[in-house]
Amino acid sequence: MAEDVDVVVIGLGPGGEEAAGRLAEAGLKVAAVEERLVGGECPYYACVPTKMMVRASDLLAEGRRVPGMAGEATVRPDWAPVAARIRTEATDSWNDKAAADRLTSRGATLVRGRGRITGPRQVTVGDRVLNASRGILINTGTAPAVPPIDGLEGTPYWTNREAVQATEAPRSLAVLGGGVVGVEMAQVFSRFGSEVTVVEAGPRLVGPEEPEAGELLAKVFEREGITVRTNAKVTSVSHADGAFTLRTGSESFTAERLLVATGRRTDLKGLGVAAAGLDENARTIEVDGRLRAGDGVWAIGDVTGKGAFTHVSMYQSAIAVRDILNEEGPPAAYRAVPRVTFTDPEIGSVGLTEAQARDQNLPVRTGITSIPDSTRGWIHKVGNHGFIKLVQDAEWGVLVGATAAGPAGGEVLGALAVAVHAEVPTDTLRQMIYAYPTFHRAIEAALDTLTPPTP
Ligand SMILES: Cc1cc2nc3c(=O)[nH]c(=O)nc-3n(C[C@H](O)[C@H](O)[C@H](O)COP(=O)(O)OP(=O)(O)OC[C@H]3O[C@@H](n4cnc5c(N)ncnc54)[C@H](O)[C@@H]3O)c2cc1C
Ligand SMILES: NC(=O)c1ccc[n+]([C@@H]2O[C@H](COP(=O)([O-])OP(=O)(O)OC[C@H]3O[C@@H](n4cnc5c(N)ncnc54)[C@H](O)[C@@H]3O)[C@@H](O)[C@H]2O)c1
């Protein structure tokens, strides 16, 4: 028999879980459908466990920087505390009871299983049919995309979901894909003693970021002993005697473990979006400023293609909740989406890169300064690599994008994100007082280097 509710939330990523809780607290009857773990990828397989890994590997790196700066230190990496912390503090050994209880205590009904849209405002989970009078909120996220490389299928490769469950650092690790997941994981495992090779199909690491970011990471990785191959097409993979072999046209690489970090995929056909009038062959779900995808359908999170980050999912969640509750508020805007790649140096960026701004035919002016040339960078010395790059719309006199790479680059980003978001005139930024000697004071130096637009 069909059950009548106000809203069905399919997929409980960070935004979906929060939306289900808030809608239930507002008095709506909410069915929250999740086939894996309440909370989604971020707390169990992504942001949280990987940042615990990063924190541990950063500690090792800082310990190794003691000689010549502060005496002597012997650093012996041990993965055991990292694996234990991920199990006890982050994921409860991949058990979502606490999250599920938190959600149901807010008044939502948790429906475990795979949800499929089977009609306008209708979702089927196993033999339960849920009719949603107000509509459906989709927050189904993404899964790791695995490229169709000869021999890869069926081998025991890792994706991020297996990598965060590692109980030891492998002797050697091949990383397929030098995007955000690839570079964060490569550096972590390298610092724990794995011999790491990153194989990237594109011309640079972290390709969508400013070219200077990819070049910086390549330089740092080389110094740390991580092998990086760009423009490399892996033609076959094999696994035998406990080792993977990756072949490109000219080379082959052998490693105990292989991490596939080549991006993410959605499955809109499997979700049955056509039954709600949406394009099932699209990669992402098109949404308007209120996160509406169609009549009685909202979508939030990675599935919307507006930035695959937890903060975007949460931002969209709040707007979709408002709209479902018929409350007024500003529409979603993505001019100032911040993002941080948690390598050392951290790469923090916001808004447009120079290339994106030029593609939009903006009158672009850029400025760049090096962190080692700043007072704080010079004092910091070892581990001070980085830069601040600004992208200005020269006619408007406002920053439309910026990158802060370096120690605490993600924190320095905060000031730049405010500047882009609040459309602070660069003249106003120039009149600001920047504390001495901070990393963020390098923003002032970067402003001084803004060069006139090129024709
Ligand atoms: C390794 C890694 C590290 C990351 N680190 C960061 C970081 O540091 N900071 C950051 O902001 N972002 C990070 N991200 C991205 C971040 O994890 C996602 O942007 C975030 O999880 C938000 O995703 P979402 O809201 O779209 O849903 P997701 O977290 O993807 O959750 C979607 C949920 O929907 C469920 N689901 C899917 N289909 C169905 C269905 N048909 N029926 C029922 N349930 C379904 C899934 O089981 C899942 O639980 C990282 C990603 C990865 C892979
Ligand atoms: N710190 C963070 O906020 C954080 C961390 C990790 C992931 N994420 C989110 O998750 C998303 C997914 O990350 P990702 O790194 O999996 O994807 P990505 O799209 O960022 O990077 C994938 C990389 O793999 C390369 N690639 C694709 N096919 C390949 C092949 N056959 N051989 C070699 N290289 C290949 C691509 O050129 C690209 O550089 C990110 O875009 C980001 O939004 C965020």
Side-chain angles (χ1 to χ4, degrees), residues 8-19 32-51 53-54 96 99 111-117 123 125 138-149 152 159-161 163-164 175-185 198-209 214 229-235 237 246 248 259-268 270-273 299-314 316-317 337-343 346-348 410:
V8 177
V9 180
I10 316 179
L12 302 175
E17 181 194 342
E18 177 62 11
V33 184
E34 173 55 55
E35 66 170 331
R36 302 174 82 231
L37 296 169
V38 175
E41 198 84 1
C42 179
Y44 298 100
Y45 301 107
C47 330
V48 178
T50 63
K51 264 76 264 181
M53 292 158 70
V54 165
D96 66 352
V111 181
R112 295 224 181 244
R114 186 171 181 72
R116 190 174 158 77
I117 301 173
V123 176
V125 188
I138 300 171
N139 179 228
T140 44
T142 57
V146 178
I149 296 174
L152 177 59
T159 66
N160 63 294
R161 292 176 181 171
V164 299
V175 178
L176 193 62
V180 198
V181 174
V183 294
E184 287 183 355
M185 296 273 197
V198 181
V199 186
E200 163 57 46
R204 278 189 310 275
L205 298 176
V206 290
E209 297 295 342
R229 290 286 183 275
T230 50
N231 293 312
K233 187 172 163 43
V234 173
T235 50
V237 172
L246 282 66
T248 66
L259 170 66
V260 176
T262 47
R264 314 285 299 177
R265 63 174 175 81
T266 55
D267 176 15
L268 300 186
L271 183 59
V273 297
I300 59 173
D302 293 10
V303 76
T304 64
K306 299 292 188 190
F309 304 102
T310 288
H311 42 271
V312 172
S313 182
M314 297 298 285
Q316 294 177 321
S317 173
V337 175
R339 49 206 185 267
V340 180
T341 302
F342 290 89
T343 41
E346 287 180 359
I347 312 291

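Just so you know, ligand 1 is whichever comes first in the structure, and atom 1 is the first atom listed for that ligand. All figures in this text were calculated on a predicted structure; none of them were measured in a lab.
Of all the atoms in ligand 2, the ones that sit under 4.0 Å from a non-hydrogen atom of Val340 are 1 (N), 2 (C), 3 (O). Listed by number with element, the atoms of ligand 2 under 4.0 Å from a non-hydrogen atom of Gly177 are 24 (O), 25 (C), 34 (N). Residue-ligand proximity, Arg264 to ligand 2, at heavy-atom distances under 4.0 Å covers atoms 12 (C). Those atoms of ligand 2 with a heavy atom of Ala308 less than 4.0 angstrom away are 9 (C), 42 (C), 43 (O).
Under a 4.0 angstrom heavy-atom cut-off, Lys233 registers as lying outside contact with ligand 2. Not a single heavy atom of Val234 sits less than 4.0 Å from an atom of ligand 2. Within the 4.0 Å heavy-atom cutoff, Arg339 does not count among the residues contacting ligand 2. Ligand 2 has Ala261 within reach: a non-hydrogen atom of the residue lies less than 4.0 Å from it.
Polar contact check, Gly263 against ligand 2: a nitrogen or oxygen pair lies under 3.5 Å apart. Close N/O approach between Asn160 and ligand 1 is not found [any backbone or side-chain N/O within under 3.5 Å]. Geometrically, ligand 2 and Val180 share a nitrogen or oxygen pair separated by less than 3.5 Å.
Between the side chains of Asn231 and Arg204, no donor-acceptor pair is found at a separation under 3.5 Å.
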